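Starting from 1, each residue takes its place in the sequence as its number. Atom set for the values below is all heavy atoms of this structure, side chains included, hydrogens, waters and symmetry mates excluded. The model shown is predicted, which means the values in this text are computed figures rather than measured ones.
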Amino acid sequence: NDLGFPVPLIRVRDDLLLGSNKYSIELWGVAIAEGELMPGHMMALSPTGITRRTVEGIETVEPIYGHPALWILEANQQQARDAGYATIVSPDDVLITHLEDVVKRHGAELLSLQVTQDLIDAQRDLNPILVESVIADHTLTAVDVQKVLKLLLEEQVPIRNLQLILETLADHGRETKEAIELANAVRQTLRREIINRFLTEDGNLAVVMLSPSLQQTLNQAIQANEGVNPTIIRQMLENLSQQIQAASNRGIRPVVLVCPATIRYQVRNWIAASLPSLPVIAYEEMSPNVDWETIGIVELTTDESGIPDQS
């Protein structure tokens, strides 16, 4: 698939406990996503993700991003387009797109050690010396490679270019076996592929940055292996949400958060639950030939101890 490894077979079965129009997507027997489909209807979405009741239909929610939508009769498609609903998709396309998104979001969980070994073996046939330098020379094991690939997939970074990934691991694997450090090195190697996924329609990168004082506070806590005051994290998330919403209101999509590589992974972990779709990019991953515009800076109203500023 687009992520660069074969997805396990997908099994479809009936479930009488679900409603007649509902479906559930399970991973290892646990439901991780759900939605509904209306046979004989089409899902209509407005360009802004906000529906306008100028067309008769059944209110629903687009399953990936949660945008309001309408199920309209197939015969009313042109009427919906005339009313401003630029995106109209069939129930089949809704389900397939949702399933593809779930696979991308959970790609790390689908990458087994056996699949990793199969990928390495396939690369051995093409680049035996490269694989020899990474695996056979005991620089890294297949488990070490799997850990790095999983970290990439957790943020939907494709692993298609396994040759380039292994070359980077060969360069850095003798210095460290720490998966996060190796993944950071690979991300910098794949920076063009990473950045190109987040360009706006104008071909630019819309960037939100952390203020220098916030970067310093977070970096000091991470380097000292100390916890960050929850007040700081909460305010950072609130400010980020406001910046992203303001950008969306201006029609700027997508938006990325940029910070130093030394804190990028931990920052991503902090925001993952609240802002799972917000990419976090390191300055070191910025491609030199891409123009970027700072559309917001995240600043806090607390000092480094988390005490509100009374001034």
Side-chain angles (χ1 to χ4, degrees), residues 2 43-52 54 61-70 80-81 83-89 94 97-98 100-101 104-105 154-158 187-188 190-215 218 232-261 263-265 267-301:
D2 290 344
M43 179 178 283
L45 297 113
S46 69
T48 60
I50 301 175
T51 58
R52 295 173 294 177
T54 55
V61 174
E62 187 274 332
I64 298 177
Y65 299 106
H67 293 159
L70 283 179
R81 290 191 179 93
Y85 291 87
T87 302
I88 299 177
V89 292
V94 171
T97 304
H98 192 189
E100 289 176 343
D101 180 75
K104 289 180 181 179
R105 291 179 185 271
E154 281 180 1
E155 299 183 58
Q156 300 182 42
V157 176
R187 287 179 60 94
Q188 292 178 34
L190 300 176
R191 61 183 180 274
R192 289 188 184 88
E193 185 171 3
I194 291 175
I195 293 299
N196 286 345
R197 296 165 51 220
F198 306 121
L199 298 179
T200 64
E201 293 181 355
D202 297 330
N204 300 324
L205 199 64
V207 168
V208 173
M209 305 171 65
L210 304 179
S211 69
S213 61
L214 177 55
Q215 289 184 30
L218 298 178
I232 292 178
I233 302 300
R234 177 178 54 80
Q235 288 198 9
M236 179 177 69
L237 292 174
E238 291 175 352
N239 198 316
L240 269 173
S241 297
Q242 293 169 2
Q243 301 276 5
I244 295 170
Q245 185 60 54
S248 179
N249 292 341
R250 293 162 53 194
I252 301 175
R253 296 177 185 173
V255 174
V256 302
L257 173 63
V258 178
C259 63
I263 65 174
R264 192 206 69 83
Y265 181 73
V267 169
R268 175 64 190 137
N269 285 344
W270 283 326
I271 72 170
S274 300
L275 300 167
S277 298
L278 177 64
V280 182
I281 307 296
Y283 290 114
E284 294 83 349
E285 297 166 7
M286 301 287 279
S287 182
N289 61 340
V290 172
D291 294 328
W292 51 288
E293 176 187 4
T294 302
I295 61 171
I297 298 177
V298 178
E299 298 183 283
L300 304 183
T301 58

Could you list the residues that satisfy side chain to side chain contact (heavy atoms under 4.5 Å, CB included) with E62, not counting sequence neighbours?
M43, L45, I64, Y65, H67
Whether E284 side chain and P260 backbone form a donor-acceptor pair below 3.5 Å
no
Between S248 and I244 (side chain of the first, backbone of the second, donor and acceptor by atom type, cut-off under 3.5 Å), is there such a pair?
no
Do L210 and I263 touch side chain to side chain, with heavy atoms closer than 4.5 Å?
yes
Which residue pairs satisfy the salt bridge (charged side-chain N to carboxylate O under 4.0 Å, His left out) criterion with at least one member in residues 287-297, sequence neighbours excluded?
none
Taking side-chain hydrogen bond (donor to acceptor under 3.5 Å, both in side chains) as the definition, give me every residue that meets it alongside T97, ordered by chain and number, with sequence neighbours left out.
none
Contacts of type side-chain hydrogen bond (donor to acceptor under 3.5 Å, both in side chains), residue S211, not counting sequence neighbours
S213
To the nearest 0.5 angstrom, please state how far the CD1 atom of I232 sits from the CG atom of L237.
12.0 Å
Could you tell me the separation between the CE atom of M209 and the CD atom of Q243, rounded to the nearest 0.5 Å?
11.5 Å
Check salt bridge (charged side-chain N to carboxylate O under 4.0 Å, His left out) between R234 and all other residues, then give those that pass, not counting sequence neighbours.
E238
I252: side chain to side chain contact (heavy atoms under 4.5 Å, CB included) partners, not counting sequence neighbours
A206, A247, R250, V255, I295
Pairing residues for Q156 by the side-chain hydrogen bond (donor to acceptor under 3.5 Å, both in side chains) criterion, not counting sequence neighbours:
none
For the student: nearest non-hydrogen atoms of Y85 and S46, plus distance
CD2-N, 3.7 Å
Taking side-chain hydrogen bond (donor to acceptor under 3.5 Å, both in side chains) as the definition, give me every residue that meets it alongside R264, ordered by chain and number, with sequence neighbours left out.
E155
Kindly indicate, with the supporting measurements, whether the criterion side-chain contact (heavy atoms from CB on, under 4.5 Å) is fulfilled by L278 and V208.
CA-CA 10 Å; L278 177 64; V208 173; over 6 Å; no
Donor-acceptor contact below 3.5 Å, side chain N196 vs main chain R192:
yes
Go through the structure and list residues passing side chain to side chain contact (heavy atoms under 4.5 Å, CB included) with E193, not counting sequence neighbours.
P158, R160, L190
Pair W292, I195 - check side-chain contact (heavy atoms from CB on, under 4.5 Å), show working.
CA-CA 10 Å; W292 51 288; I195 293 299; over 6 Å; no
Between I233 and W270, what is the shortest heavy-atom contact and its length?
CD1-CD2, 3.7 Å
The test is side-chain contact (heavy atoms from CB on, under 4.5 Å); show your working for C259 and R268 and say whether it passes.
CA-CA 10 Å; C259 63; R268 175 64 190 137; over 6 Å; no
If you apply the rule side-chain contact (heavy atoms from CB on, under 4.5 Å), what do you find for V157 with R197, and how did you get there?
CA-CA 9 Å; V157 176; R197 296 165 51 220; 4.2 Å; yes
Separation of M236 CE from S241 OG (nearest 0.5 Å)
10.5 Å
Is the closest side-chain heavy-atom distance between I281 and R187 below 4.5 Å?
yes
Heavy-atom nearest pair, V94 first then P63, reads CG1-CG, 4.0 Å
